[in-house]
Amino acid sequence: MGNDVYQIERVLQADVCSGCGGCGAATQGAITIPLSAVGMYTPQLDGVSDSDLEKADQVCPFSNATVNESEIGQQRHTSSQHSDSRIGRYHSLWAGRIESEKDIIGSSSGGLTTWIAKRLLSEGKVDGVIHVGPSDVTRNGRLIEYRVSRTVESLIESRKSNYYPTSFSEVLNDLSLDSGERYAFVGLPCQCTSIRHLQKLDDRWNEAIPYVLGIVCGHLKSARYAESLAWQLDIEPSDLSSIDFRVKDPSRSARGYGLRVEGIDGRSAESEANKLVGGNWGHASFQPNACNYCDDIFAESADVCLGDAWLPKYESNWRGTNVVIIRHPEIADLLSRGRDAGEVWIEELSADEVASTQDGNFRHRRVGLSVRAADDAKESSWRPIKRVDAKLDGIPENRIRVTRARRRLGDASHKLFADARSRGNLEVYTSGIRPLVVEYEQAARQSFLERMRPKVERRLWKYWNAAVTTGSRIIPSRRSRR
């Protein structure tokens with residue numbers, strides 16, 4: 001193409017790579033993507049040919065040479081008759097969870113992501129599911145990695161959300177595109193978008209991956225996020241062997257999940273994540289810079305997107321509830337049959353309800369992106385072109401302060417923890433980050449009424465649920481809810 005600088009080079013220079021793995025898969029491994037010193041997957045371009053750099057440009061979700069998620073949705077989700085600028089195109093919108101009490105305890109939210117993948121596998125619609133799961137940290141230094149499950153048992157062993165960086169390139173490069181095997185892919189929004197770009201680059205991937213399941217994403221975390229939480233529970237980074245980010249407790253609400261870590265020596269510890277420094281998701285600790293430029297919350301490229309239904313009427317239920325955005329009619333049919341068989345409970349949601357499950361995320365990904373893009377434009381910095389205008393006009397001053405404080409906090413967390421790690425002193429990180437946390441919380445502080453309203457709503461829904469609940473089952477019965 002004769003480019004002086006390829007898009008993938010600009011992405012790396014601007015530090016806006018999410019490490020998804022698309023460039024590695026597009027080039028059959030010519031571009032390698034190892035974990036960097038800050039704990040993020042980062043492509044290595046040394047010695048890579050021009051033709052492979054061109055392929056990377058065409059699959060990177062942060063490349064300005066690719067179409068955006070709205071265009072992908074128009075091209076791929078033709079059966080979806082509805083569209084909303086906040087959530088993309090859609091066939092139907094649901095809240096739901098699996099009915100099994102035994103299985104729900106081991107899920108992150110409502111358990112429907114694993115349930116859908118399991119049904120695709122058990123019904124023979126796919127030969128395997130490409131998803132993330134625990135890794136042997138003593139073998140490769142990773143706590144979590146992409147894998148392929150070909151049995152329901154393997155799939156169930158790896159359920160739950162993992163706030164840890166992952167790259168799918170190695171797994172995809174191990175697959176044979178000529179075998180005729182079909183897979184369901186499960187990933188975050190940027191990963192799903194990269195898969196769609198990959199399918200456009202090489203049509204064989206359309207046959208190999210007929211179903212793409214997306215996960216609602218607030219932002220990514222580096223590998224150091226897990227280490228920082230474990231270290232506060234007296235398990236040092238070099239000793240950490242496993243982590244469970246979503247431990248459910250029937251005595252707490254859906255939001256009140258815990259964190260459990262285990263060391264190589266078998267020691268374990270547990271805590272509520274919010275009680276640890278950096279455990280508050282709003283602080284954006286260990287967030288990669290790429291997430292400052294993402295405007296896709298509900299995995300608009302995917303056939304179905306699932307996340308937590310953060311609505312007052314569901315939050316009091318410790319079991320967790322999924323929000324489900326369906327864009328593929330076969331997925332809608334799976335859920336309908338699951339409801340009829342008594343395996344899942346589902347009820348319809350409006351687009352406004354779906355969007356409100358991610359109110360904070362929209363403030364970060366849409367309003368906040370306008371602020372960050374405007375700040376970058378003022379400094380003439382290169383940035384990926386997204387669907388959000390670079391502007392400060394019309395944005396409340398306190399929201400601008402919150403956005404900038406969060407960005408400073410996130411940037412500093414990487415540097416401070418790297419210093420703490422090299423010096424073997426956790427206090428270097430915790431004492432250094434606390435002033436930035438205070439700055440952010442002061443900027444984000446809401447009025448008394450703003451703080452009380454969601455608490456009152458959750459309390460009222462808790463009383464209502466208790467009033468109509470017999471044992472563990474909410475009435476009316478499943479069949480009368482259709």
Side-chain angles (χ1 to χ4, degrees), residues 20-22 25 61 69 72-73 76-77 79-80 87-98 107-133 144 146-150 152 154-162 166 168 171-172 175 181-199 205-217 296-309 320 322-338 343-344 346 354:
C20 68
E69 288 79 4
I72 292 172
R76 300 201 68 99
H77 306 313
S79 64
S80 294
I87 59 182
R89 296 179 68 89
Y90 64 92
H91 174 280
S92 49
L93 306 172
W94 303 90
R97 72 176 70 89
I98 57 177
S107 66
S108 287
S109 185
L112 289 180
T113 306
T114 299
W115 186 88
I116 291 171
K118 183 173 67 174
R119 287 297 291 264
L120 290 172
L121 189 58
S122 62
E123 293 186 7
K125 295 182 182 293
V126 296
D127 300 288
V129 179
I130 303 166
H131 64 110
V132 301
I144 309 294
Y146 260 98
R147 59 172 60 186
V148 178
S149 284
R150 299 178 183 275
V152 169
S154 174
L155 187 63
I156 291 174
E157 287 173 1
S158 300
R159 58 186 170 170
K160 283 205 171 187
S161 299
N162 292 290
T166 54
F168 57 71
V171 167
L172 262 59
L175 302 178
E181 290 189 319
R182 292 155 57 89
Y183 302 91
F185 176 88
V186 184
L188 299 174
C190 60
Q191 295 168 329
C192 294
T193 294
S194 186
I195 290 291
R196 294 308 194 194
H197 293 329
L198 190 63
Q199 289 174 325
W205 284 114
N206 284 298
E207 296 294 324
I209 303 179
Y211 304 99
V212 175
L213 282 59
I215 306 296
V216 173
C217 182
D296 183 8
I297 294 169
F298 290 107
E300 297 175 43
S301 302
D303 296 309
V304 59
C305 178
L306 303 102
D308 289 282
N322 283 122
V323 61
V324 189
I325 300 94
I326 297 177
R327 305 187 179 98
H328 195 305
E330 286 187 41
I331 306 297
D333 179 63
L334 278 182
L335 278 174
S336 295
R337 288 190 283 114
E343 294 184 30
V344 303
I346 52 175
V354 169

Next on the checklist: Using modelled atom types and a 3.5 Å cut-off, is there a donor and acceptor pairing between side-chain atoms of R159 and backbone atoms of T114?
Outcome noted: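 Not a single qualifying donor-acceptor pair exists.
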Checklist entry - R327 and C305: side chain to side chain contact (heavy atoms under 4.5 Å, CB included), yes or no, with the steps? => result CA-CA 8 Å; R327 305 187 179 98; C305 178; 4.1 Å; yes
Quick one: pull up [atom1] in [X] and [atom2] in [Y] and give me the separation to the nearest 0.5 Å.
X    : Y    : atom1 : atom2 : value
E69  : C192 : CD    : SG    : 10.0 Å
H131 : S154 : NE2   : OG    : 5.0 Å
N322 : L306 : CG    : CG    : 5.5 Å
R147 : T166 : CZ    : OG1   : 12.0 Å
L188 : C20  : CG    : SG    : 10.5 Å
T113 : I98  : OG1   : CD1   : 10.5 Å

Checklist entry - How about F185 and F168: are their ring centres within less than 6.0 Å of each other? => result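 Yes; F168 has its ring centre under 6.0 Å from that of F185.
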Next on the checklist: Could you walk me through whether R182 and Y211 satisfy the side chain to side chain contact (heavy atoms under 4.5 Å, CB included) test, starting with their C-alpha distance in whole Å, then the side-chain angles of each, then the deciding distance to 0.1 Å, before giving a yes or no?
Outcome noted: CA-CA 9 Å; R182 292 155 57 89; Y211 304 99; 4.2 Å; yes
Can you name the nearest heavy-atom pair linking [X] to [Y], along with the distance?
X    : Y    : value
V148 : L175 : CG2-CD2, 4.3 Å
C217 : P189 : CB-CD, 3.5 Å
V212 : A302 : O-CB, 3.5 Å
V354 : F298 : O-CZ, 3.4 Å
I326 : H328 : CG2-O, 3.3 Å
A184 : L120 : CB-CD1, 4.1 Å

Next on the checklist: Is the shortest side-chain heavy-atom distance between L335 and V324 below 4.5 Å?
Outcome noted: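 Yes. Closest side-chain heavy atoms under 4.5 Å.
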Checklist entry - Can you find a pair of side-chain heavy atoms, one from I209 and one from L198, that are under 4.5 Å apart? => result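 Contact flag for I209/L198 side chains = no.
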Next on the checklist: If you apply the rule side chain to side chain contact (heavy atoms under 4.5 Å, CB included), what do you find for W205 with I195, and how did you get there?
Outcome noted: CA-CA 8 Å; W205 284 114; I195 290 291; over 6 Å; no
Next on the checklist: Pair V216, D308 - check side chain to side chain contact (heavy atoms under 4.5 Å, CB included), show working.
Outcome noted: CA-CA 8 Å; V216 173; D308 289 282; over 6 Å; no
Item to check | Distance-only donor-acceptor check, side chains S79 and H91, under 3.5 Å | outcome: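 The criterion, which ignores hydrogens and geometry beyond distance, is not satisfied for H91 and S79.
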Checklist entry - Less than 4.0 Å between a side-chain N and a carboxylate O, is that true for E123 and R337? => result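 Yes.
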Checklist entry - Is the shortest distance from a Lys or Arg side-chain nitrogen in E181 or R150 to a carboxylate oxygen in the other one below 4.0 Å? => result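 So E181 pairs with R150 through a salt bridge.
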